[in-house]
Amino acid sequence: MGRLMTAPEHRQLDRVSALLDLNRPEQALEELGRLPAGQVGTVRAFQLRAAALTELDRWAEVATTARHGLGQGPDAELLGRLGLALRHLGQYPSAERALLDALALAPHSAWLLAQYADLCLLVGQTAKAEALIARAAAVDPVSPTVYASRYQLAYARDDTRGAEQVAREFLGRYPEHPSALALHGLAAAGRGRMGVASRSLGQAVAQDPTAAAAAEAAREARVYAHPLLLPLRPLYRLGVFPTWLIAVGTLLTLNLLGWAPAALAVGLCWAVYCVYSWVAPPIVRRLVLGRWRG
């Protein structure tokens with residue numbers, strides 16, 4: 001049995017928790033590194049360390065930390081962190097085992113239910129994921145994790161409108177939450193609204209500079225929001241194949257009507273548009289990312 005913590009030691013761990021709430025995982029790890037020897041091995045210290053490493057996407061270290069903490073006995077949060085880390089490491093059966101063990105200890109945890117749903121979505125078990133998300137939403141309908149899982153479910157079903165609606169709800173509830181901003185930006189990008197995507201993703205990075213995926217998405221959105229790519233907005237909004245069908249359908253219709261000059265003009269415009277869609281993005285990317293990185 002570990003010794004009981006003193007009040008100052010509790011306050012030190014409370015500071016770590018506060019740093020995590022402020023999206024400062026690196027500072028949280030530094031604070032954990034200053035813990036006295038007797039406090040390093042407590043379950044709460046392991047939980048906080050695993051949470052900080054999670055924010056930094058250091059999945060192998062999350063798994064190692066969780067396993068060390070579980071050496072003291074079963075703990076739902078550490079099992080959940082282990083399952084999350086193993087999912088990102090591609091070890092899906094082991095991730096499922098960890099999450100099931102966690103849910104056996106805390107069957108009504110919205111966070112654990114959502115984590116298991118995300119794993120099911122990743123392996124194509126959409127119906128099972130939907131049931132898990134429904135259970136999670138019944139427990140805590142406004143949990144950020146539940147919103148994120150609902151978004152992933154809509155995305156897995158190719159329901160871009162549904163994903164955008166969930167993202168708007170998430171952002172409305174948590175207007176400064178990095179994940180809400182990031183998902184709102186990604187949903188806007190998926191609908192071809194690149195200006196909105198660039199703003200939301202940029203704000204997400206400002207709120208959480210450690211989010212590498214959001215930073216990369218923000219850079220891409222900034223490229224495609226550039227005025228030089230404005231003519232390509234219909235292509236992004238509709239998609240390549242539907243745009244191609246519209247162009248071909250227009251050409252066929254004009255030819256059937258006997259309007260050969262108009263068909264020729266449309267065909268030339270379409271050819272120029274195709275060339276522009278191939279040439280312009282790489283040039284704009286070089287221009288924009290050069291300024292970004294400078």
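The first residue of the sequence shown is numbered 1, and numbering continues consecutively from there.
- Within the 4.5 Å cutoff, the side chain of Phe46 has no heavy atoms near those of the Asp75 side chain.
- With values rounded to the nearest 0.5 angstrom, Arg49 atom CZ is found 12.5 Å from Thr54 atom OG1.
- No side-chain heavy atom of Leu119 sits under 4.5 Å from any side-chain heavy atom of Leu84.
- In summary, of the residues considered (Leu132, Val139, Ile133), a side chain to side chain contact (heavy atoms under 4.5 Å, CB included) with Arg135 occurs for Leu132 alone.
- Residues forming a salt bridge (Lys or Arg N to Asp or Glu O under 4.0 Å) with Arg285 (at least two apart in sequence, or on another chain): Glu220.
- In this structure, a donor-acceptor pair under 3.5 Å is absent between the side chains of Arg44 and Gln47.
- A donor-acceptor pair under 3.5 Å is absent between the side-chain atoms of Ser17 and the main chain of Asp14, judged by distance alone.
- In this structure, the side chains of Leu181 and Tyr174 stay at 4.5 Å or more apart for every pair of heavy atoms.
- Among all heavy-atom pairs drawn from Ala117 and Ala129, the shortest one is O-CB, 3.5 Å.
- Tyr147 and Leu112 fall into different hydrophobic clusters, where Ile, Leu, Val, Met, Phe, Trp and Tyr side chains are chained together by heavy-atom contacts under 4.5 Å.
- By the 4.0 Å N-to-carboxylate-O rule, Arg161 lies too far from Glu164 to be salt-bridged with it.
- Leu229 is connected to Tyr273 through a chain of hydrophobic side-chain contacts under 4.5 Å among Ile, Leu, Val, Met, Phe, Trp and Tyr, so both are in one cluster.
- Contact annotation: the side chain of Arg157 approaches that of Glu130 to within less than 4.5 Å [non-hydrogen atoms, C-beta and beyond].
- No continuous path of hydrophobic side-chain contacts links Leu121 to Tyr116 [ILVMFWY only; heavy atoms under 4.5 Å].
- Under 3.5 Å, the side chains of Glu31 and Gln27 contain no donor-acceptor pair of N or O atoms.
- Between Glu96 and Leu86 the shortest side-chain heavy-atom distance does not fall below 4.5 Å.
- The hydrophobic cluster containing Leu183 does not contain Leu122, counting ILVMFWY residues as joined when their side-chain heavy atoms lie under 4.5 angstrom apart, directly or transitively.
- Contact check for Leu228 versus Tyr276: side-chain heavy atoms found under the 4.5 Å cut-off.
- Taking the side chain as every heavy atom from C-beta outward, Leu56 and Leu29 approach each other to under 4.5 Å.
- No side-chain donor-acceptor contact under 3.5 Å links Tyr155 to the backbone of Ala187.
- Side-chain heavy atoms closer than 4.5 Å link hydrophobic residues (I, L, V, M, F, W, Y) into clusters, and following such links, possibly through other members, connects Val43 to Leu79.
- Between atom CZ of residue Phe170 and atom CZ of residue Arg150 there is a gap of 10.5 Å, rounded to the nearest 0.5 Å.
- Looking at heavy atoms from C-beta onward, Trp59 lies out of side-chain contact with Arg87 at the 4.5 angstrom threshold.
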